[in-house]
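In what follows, chains carry the letters A, B, and so on, assigned in the order in which the sequence lines appear, proteins first and then strands, with residues in each chain numbered from 1.
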There are 2 protein chains.
Amino acid sequence: MKEGPDIAHVAALIGDPARANMLTALMGGKALTVSELAEEAGVTIQTASSHLSKLDGGGLLRPRKQGRHKYFSLANDDVAHVLEGLMGLAAGSGRLRKRTGPKDAALRQARVCYNHLAGELGTQMFDSLIMQGHLVFDGDDLHLTRSGQAFVTELGIDLAELRKNKSTLCRECLDWSERRSHLAGSLGRAFLSRFEGLSWAKRDQTTRVISFSANGIAEFKRLFPAV
Amino acid sequence: MKEGPDIAHVAALIGDPARANMLTALMGGKALTVSELAEEAGVTIQTASSHLSKLDGGGLLRPRKQGRHKYFSLANDDVAHVLEGLMGLAAGSGRLRKRTGPKDAALRQARVCYNHLAGELGTQMFDSLIMQGHLVFDGDDLHLTRSGQAFVTELGIDLAELRKNKSTLCRECLDWSERRSHLAGSLGRAFLSRFEGLSWAKRDQTTRVISFSANGIAEFKRLFPAV
DNA sequence: TAGATGCTTCGATTAGGGTCGAACTATGAA
DNA sequence: TTCATAGTTCGACCCTAATCGAAGCATCTA
């Protein structure tokens, strides 16, 4: 009847509670096994298996077999982007899964969004990088300037290694809690893993919260002063 | 079980074919009545009414009563943004509702995305505005420069009037066909309606196609030269 | 007031899909 | 080879939600 892509099918895939739980869990960035995702979703392994094959069929996931384990992660940044958008809508219409608790505050401050830093600190980092001229918009794309290249290298990130990766280096991602952009792409990932490597930050394994050490937050504020 | 917004509920709302058809129709930007939407979705009026109250309850729609008619439009740009994102995913996974036909080509060239110009011409306009320095990124937000203000005023757009509106003036919106940004926000709307006012462009009432006149396309290319 | 039109509500039907138990396949360990 | 663990497939059950007819409410026209 109508032209254009079949939006209902994808949305229906995300629309089942069990599958939505799995996808939300995968927003943590870590690849998870079928059993782990079953646990997350609160269903049996058979059910989870069925859901995962549907999600995979819809192009939302990227499966990888390793021995007798099967790992799933989100297919790409676009998927993560849409999921964040949906979270924004859900949060906007005032529906939270649980009442706002202390954990939510932590989530708002710093959380992982499919591998990179999101929340207040995420947007602060993004704004600061722009303001310092390390990152500029080139039309629609984000571009790391010469000064930016020096900056990240100084921090101990291997740019040459990152560029080998076929995925985009810099990319903006909309934050559902902040309603502002933060940095995604392989550079976004690299930042977060560097913070972890320096022991500035640590991911909670079950929630998506990222907790910074006292020293870590100080170093962070030094590198990325608020605008 | 998990923290964060209830993504499944919103996604499930979009995930029903009838509702997805309605939302897609509303991406055209025009407010539509219950009966019109029922027609679009291919269901009876009762069914449509039920669907619409659910969508409204989920915060996706903005209803307005006018006499014995009830008009619905999308609640805001965020909703349109998520829908475009979903279309991108659906298109990416190779699912089109119908085989690609001649109408699709027209859709790719210029279509309406919830009120503003999308497609090739949309991204061309956006890139051109950036390149000419009429539009700049200010952190995460888009900003109309002094030269840009002169530019749009010259074109006959009343900026003072637009600013009275509470919604954002400039905003970027990701295009599912082009995978690039185009201009949304009240300025984006104003551009499109100005093009219509000047008889440069005309919207098809049933599809989302925007057709430019020969003169219109010439003026457009003059104002927004390709980069 | 009477009639027509647009929409909502109620109730009954029905189909699609989520769920899990049980059986089966595949990989790894001993 | 034998056992254990991870995941898939099959089949049956069951529940939600989409659907529409019929009746009711609201608004406009004459």
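- Here A:S49 reaches the OP1 or OP2 of D:dT8: one of its side-chain N or O atoms lies under 4.0 Å away.
- Between the B:T24 side chain and the B:A20 main chain, a donor and an acceptor come within less than 3.5 Å of each other.
- Between the side chain of A:D78 and the backbone N or O of A:H81 there is no donor-acceptor pair closer than 3.5 Å.
- Side chain of A:R194 to main chain of A:L155: a donor-acceptor pair is present (N/O by atom type, distance under 3.5 Å, no hydrogens or angles).
- Straight-line distance from the CD1 atom of B:I45 to the C1' atom of C:dA4: 14 Å, rounded to whole Å.
- The nearest whole Å value for the distance from the NZ atom in A:K65 to the P atom in C:dA26 is 9 Å.
- In terms of modelled atom types and a separation under 3.5 Å, the side chain of B:R19 and the main chain of B:L13 share a donor-acceptor contact.
- Candidate nucleotides C:dC7, D:dT19, C:dT19 were compared by shortest atom distance to the side chain of B:K70, and C:dC7 ranks first.
- The NE2 atom of A:H9 sits 14 Å away from the C1' atom of C:dG16 (whole-angstrom rounding).
- The listed nucleotides are C:dT19, C:dC7, D:dT19; the one nearest the side chain of B:H51 is D:dT19.
- As a whole-Å value, the separation of B:L37 CG from C:dT8 C1' is 15 Å.
- Residue B:T33 is in sugar-phosphate contact alone, with no base atom involved, counting any heavy-atom pair closer than 4.0 Å across all strands shown.
- When distances are taken from the side chain of B:R19 to each of C:dT27, D:dA18, C:dT19, the shortest belongs to D:dA18.
- Under 4.0 angstrom from either OP1 or OP2 of C:dC20 there lies at least one side-chain N or O belonging to A:T47.
- The nucleotide whose nearest atom lies closest to any side-chain atom of A:R68 is, among D:dA4, C:dT9, D:dT9, D:dA4.
- Straight-line distance from the OH atom of B:Y71 to the P atom of C:dT8: 14 Å, rounded to whole Å.
- Scanning atom types as modelled, one donor and one acceptor separated by under 3.5 angstrom connect the side chain of B:Q46 and the base of D:dG21.
- Candidate nucleotides C:dT19, D:dT8, C:dT8 were compared by shortest atom distance to the side chain of A:S50, and C:dT19 ranks first.
- Without hydrogens or angle criteria, A:R111 side chain to A:A118 main chain gives no donor-acceptor distance under 3.5 Å.
- For A:A18, the side-chain atoms get nearest to C:dT19 when compared with the rest of C:dT19, C:dA4, D:dT8.
- Here the P atom of nucleotide C:dT27 and the NE2 atom of A:H69 are 13 Å apart, to the nearest Å.
- The CE-C1' distance, from B:M22 to D:dT19, rounds to 12 Å in whole Å.
- Distances were taken from every side-chain heavy atom of B:D16 (C-beta onward) to each of D:dA22, D:dA18, C:dG6; the shortest belongs to D:dA18.
- When each of D:dT8, D:dA18, D:dT19 is scored by its nearest atom to the side-chain atoms of B:K54, the top-ranked nucleotide is D:dA18.
- In this entry the distance linking CD of A:E39 with P of C:dC20 reads 13 Å, nearest Å.
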